[in-house]
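Read the structure below first, then the notes.
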Amino acid sequence: MKVLLKNITINHPLYKLNKKSNILIEDGIISKVSSTAIEESPGMKVYEMNGKVAAPGFYDMHVHLREPGREDEETVVTGCNSAARGGFTGVACMPNTEPAIDSAEVVHLILGKAKGHLVDVHPIAAATAERKGEVIAPIAELVEAGAVGFSDDGVAIKTARVLRRVMEYAKMYDKPVIEHCEDESLAGGAMNEGFNSTFLGLPPIPPIAEELTVIRDIMMSEYTGARVHIAHISTKGAVELVRQGKAKGINVTAEVAPHHFSLTDDSLKAYDTNFKMNPPLRARRDVEAILEGLKDGTIDCIATDHAPHSIEEKEMEFEYAPNGIVGLETAVGLAFTELVHKKVITLDKLIEKFAINPRKILNLPIPAFEPGEKANITILDTGAVWTVETSKFLSKCRNSPFDKMLLTGKAIAAINNGMMYYQEQFIKI
Amino acid sequence: MPLSIKHLLGMQGVPKEDIQLILDTATTFKEVLERPIKKVPTLQGKTVVNLFYESSTRTRISFELAEKRLSADSINFAVSGSSVSKGETFKDTIKNIEAMKVDMIVVRHAAAGVPQYLTRISDSVIINAGDGTHEHPTQALLDMYSIREKLGKLEGLKVCIVGDIAHSRVALSNIYGLKTMGADVSVCGPATMIPRHIEDLGVKVIHNIDEAIQENDVLNVLRIQLERKAREYFPSLREYNTYYGLTTERLEKNGKNILILHPGPINRGVEISSEVADGPSQVILEQVTNGVAVRMAVLYLLGTMHN
């Protein structure tokens with residue numbers, strides 16, 4: 001099968017590439033990239049892409065696929081479908097499944113389920129057995145099975161003692177330790193501590209609960225030499241700590257979830273559980289610090305923390321509802337709307353944060369636009385105006401605070417593994 | 001003039017005119033309560049469900065009595081012995097209750113925001129009888145009623161709420177209500193019990209009880225919760241009593257005639273001494289009586305709006 005993407009603008013910041021081209025893909029492999037017209041032949045699928053941007057395939061390094069254990073909420077396949085619809089060609093899935101991804105068997109199971117999908121799946125394994133923070137997970141075995149990083153996501157690695165051992169071990173394999181930064185002894189509330197928590201009478205989660213763990217982890221990274229990646233950064237103080245860590249030359253990276261740069265805890269006034277997540281939505285000053293961190297490179301990437309929950313689970317009293325929102329199908333639109341169109345970052349930077357930096361952090365190859373390379377492409381329409389319809393999500397769940405929101409800019413297609421998701425369907429190419 | 005609010009979810013955002021109307025109506029109902037036959041037919045044919053997801057004696061009885069005095073049909077729903085223990089969701093429980101054709105729901109729940117949530121899943125008139133550490137509006141209304149009855153006004157008065165402000169729904173409702181009525185509100189307690197950013201509600205924070213006594217016309221003394229979880233906020237009951245307990249000596253030392261309220265139930269010898277709790281400055285039992293009148297006013301005004 002031959003596919004021709006006509007008059008598309010290739011944008012690959014790593015190669016300083018930004019020009020109008022024609023891309024010919026044969027059986028999923030790029031066969032020709034040319035700024036002059038490529039001859040069309042019978043049977044060739046031709047897509048006119050004038051004005052559209054071809055970027056290296058977007059990668060979401062923080063999703064919860066829920067399989068094994070909660071297949072009622074999401075499976076590897078439905079999560080990957082959701083990812084493709086959102087413009088992602090790869091995801092790294094978090095280990096808080098049931099059982100946790102703390103053995104080679106579970107890694108194999110997930111990789112087996114993902115086989116043959118457009119979206120690449122790379123498991124992040126638990127840092128400790130059953131994510132309990134007591135005994136380190138079989139890191140060598142997990143790496144061999146295909147784990148790309150280690151995390152007890154959902155919680156931080158419980159003690160500095162265990163954190164040290166995990167880091168020392170992960171460092172041998174050059175895998176990042178990905179931390180959900182939250183000091184449990186201080187946290188445990190339902191929303192960000194601030195004026196709004198006092199106003200709403202909801203038990204608070206203070207920003208410092210995140211920051212204390214961020215500083216612990218950065219210091220331990222410096223001490224052990226291991227790489228630490230701060231997941232879903234959400235506070236002004238945490239951004240500042242990462243900035244300082246980087247300035248000192250410590251191996252620290254950070255990601256932010258789209259809801260943490262597009263919403264504040266002002267949105268909680270109606271006690272709508274679709275706005276409940278952990279870390280919680282923070283204050284305006286935190287959002288401003290995050291935007292600054294995205295701008296100056298303190299925050300390396302955008303990752304969704306895609307966390308599907310069934311309607312029954314979310315339809316309840318705010319304090320008792322589970323944390324998390326569906327993120328894959330709104331992330332790119334939110335990033336364009338809140339970051340590119342508001343001139344916080346350029347399109348180049350957006351592509352770096354969605355496609356290049358996450359793969360660098362996880363030591364994964366970065367897709368290129370060269371003949372002979374696998375076509376791993378996200379196609380963007382930077383000016384598309386569209387409305388979020390949670391009812392159309394390919395995720396099994398609908399828990400998103402962005403339903404009916406008008407966004408500008410979206411990923412219109414994802415190409416990878418000999419498949420293309422375009423115009424709401426998967427096409428073999 | 002009817003109320004502008006459709007439900008009583010909290011005191012936040014309730015306009016002055018509404019509060020005034022509720023308090024004035026309560027005065028009428030208090031007279032009813034003094035009669036030999038303490039019943040009026042105002043809410044005849046209306047059904048009120050008292051939905052108590054958290055144990056409560058005084059608030060539940062007060063509401064129940066208020067409903068009976070107004071001739072409403074009332075049903076009590078308490079968590080134990082209900083479908084909740086069988087795993088039914090909150091929403092399904094509400095839908096089932098509503099399918100039995102009720103008009104008003106009085107709700108008490110341990111989670112903040114439940115009354116707001118109820119307005120989204122129910123067509124009934126919702127009255128908040130206390131939600132988590134958020135609001136307890138009828139308590140604030142009866143506190144304001146009691147203050148107004150004793151001192152003749154609310155505007156310009158200096159009122160201090162003393163105790164565990166961070167975990168109190170009474171505090172927040174009082175702050176909103178009193179400020180709307182033009183009172184000057186402060187809170188007093190150890191720093192561990194004062195929520196951050198409370199000053200942003202226009203409230204002064206005091207850590208010294210003597211200062212609170214000297215500066216105010218009214219003290220609203222909150223109950224100190226004795227269970228273990230609450231105990232992490234202060235070193236010991238003895239210390240709390242020594243530094244924040246309201247005693248006769250303390251009142252005399254400051255040479256001040258001050259009105260003392262307490263939402264009850266009181267812990268004698270902890271936040272308030274027996275002498276003060278039974279003394280001339282307090283209106284604690286009067287508050288309980290006023291509670292019935294105020295709740296009658298709320299039920300009547302909200303329950304007859306669509307007639």
Side-chain angles (χ1 to χ4, degrees), chain A residues 72 184-209 211 235-237 264-276 280-286 309-323 398-399 401 403, chain B residues 9-13 51 53-54 79 84 87-95 107-121 128 130-137 165-176 187 193-203 205 229 232:
Chain A
D72 60 316
E184 276 192 319
S185 72
L186 263 178
M191 71 170 290
N192 180 47
E193 180 169 77
F195 173 75
N196 284 319
S197 63
T198 298
F199 182 82
L200 295 168
L202 284 168
I205 305 171
I208 197 167
E211 291 149 10
T235 78
K236 182 174 193 262
T264 68
D265 62 5
D266 288 338
S267 315
L268 289 165
K269 298 238 161 92
Y271 297 92
D272 182 343
T273 59
N274 280 328
F275 291 87
K276 188 180 181 193
L281 295 177
R282 303 287 187 183
R284 173 55 49 194
R285 61 184 210 116
D286 297 301
H309 285 292
S310 64
I311 289 169
E312 304 82 68
E313 276 188 299
K314 275 285 195 180
E315 178 72 64
M316 61 158 76
E317 300 91 323
F318 190 89
E319 284 182 44
Y320 307 155
N323 291 305
R398 304 282 171 267
N399 53 305
D403 194 27
Chain B
L9 306 177
M11 295 310 298
Q12 194 274 323
L51 189 61
Y53 273 76
E54 196 185 58
V79 169
V84 174
E88 190 180 50
T89 65
F90 181 74
K91 188 179 178 180
D92 284 332
T93 305
I94 300 307
K95 289 285 173 202
V107 63
R108 157 74 62 99
H109 201 295
V114 163
Q116 267 94 330
Y117 176 45
L118 263 177
T119 61
R120 291 202 293 272
I121 58 174
N128 182 2
D131 63 325
T133 53
H134 182 220
E135 286 226 42
H136 191 0
I165 310 301
H167 301 94
S168 170
R169 48 190 168 220
V170 177
L172 210 52
S173 284
N174 262 284
I175 290 168
Y176 292 135
V187 294
M193 292 177 164
I194 308 289
R196 288 165 73 92
H197 307 283
I198 188 107
E199 295 94 336
D200 296 345
L201 292 174
V203 169
V205 176
K229 198 170 175 288
E232 74 175 76

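Owing to the predicted nature of the structure, the values given are computational and were not obtained by experimental measurement. Reminder, nothing fancy here: chain letters follow the sequence lines and each chain counts from 1.
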Quick check for you: to the nearest 0.5 Å, what is the distance between [X] atom [atom1] and [Y] atom [atom2]?
X: A/E317; Y: B/K91; atom1: CD; atom2: NZ; value: 12.5 Å
X: A/I311; Y: B/T89; atom1: CD1; atom2: OG1; value: 12.0 Å
X: A/L200; Y: B/E135; atom1: CG; atom2: CD; value: 10.0 Å
X: A/T273; Y: B/Y117; atom1: OG1; atom2: OH; value: 7.5 Å
X: A/D272; Y: B/R120; atom1: CG; atom2: CZ; value: 5.5 Å

Toward chain B, the part of A/F195 with a non-hydrogen atom under 4.5 Å: both
Would you say the side chain of [Y] lies within less than 4.5 Å of the side chain of [X], judging by non-hydrogen atoms?
X: A/E193; Y: B/R196; answer: yes
X: B/I121; Y: A/E315; answer: yes
X: B/F90; Y: A/M316; answer: no

What residue, out of A/N196, A/L268, A/L202, has the most heavy-atom pairs lying under 4.5 Å from chain B? A/L202
Any idea which of B/L172, B/V114, B/D131 has the most non-hydrogen atom pairs under 4.5 angstrom with chain A? B/L172
Do other residues, nucleotides or ligands put more than 12 heavy atoms under 6.0 Å from the NZ atom of A/K314? yes
Which region of B/R169, side chain (C-beta onward) or backbone (N, CA, C, O), has a non-hydrogen atom less than 4.5 Å from a non-hydrogen atom of chain A, or is it both or neither? neither
B/A166 versus chain A, heavy atoms under 4.5 Å apart: side chain, backbone, both or neither? neither
Going by the side chain to side chain contact (heavy atoms under 4.5 Å, CB included) test, name the single residue among B/I198, B/I175, B/I194 that passes it with A/T198. B/I198
Going by the angle between their ring planes, with limits at 30° and 60°, are A/F199 and B/Y176 parallel, tilted or perpendicular? perpendicular
With a 6.0 Å cut-off on the ring centroids, do A/F318 and B/H134 count as close? no
Keeping the roles fixed (side chain from A/E319, backbone from B/A112), state whether a donor-acceptor pair exists under 3.5 Å. yes
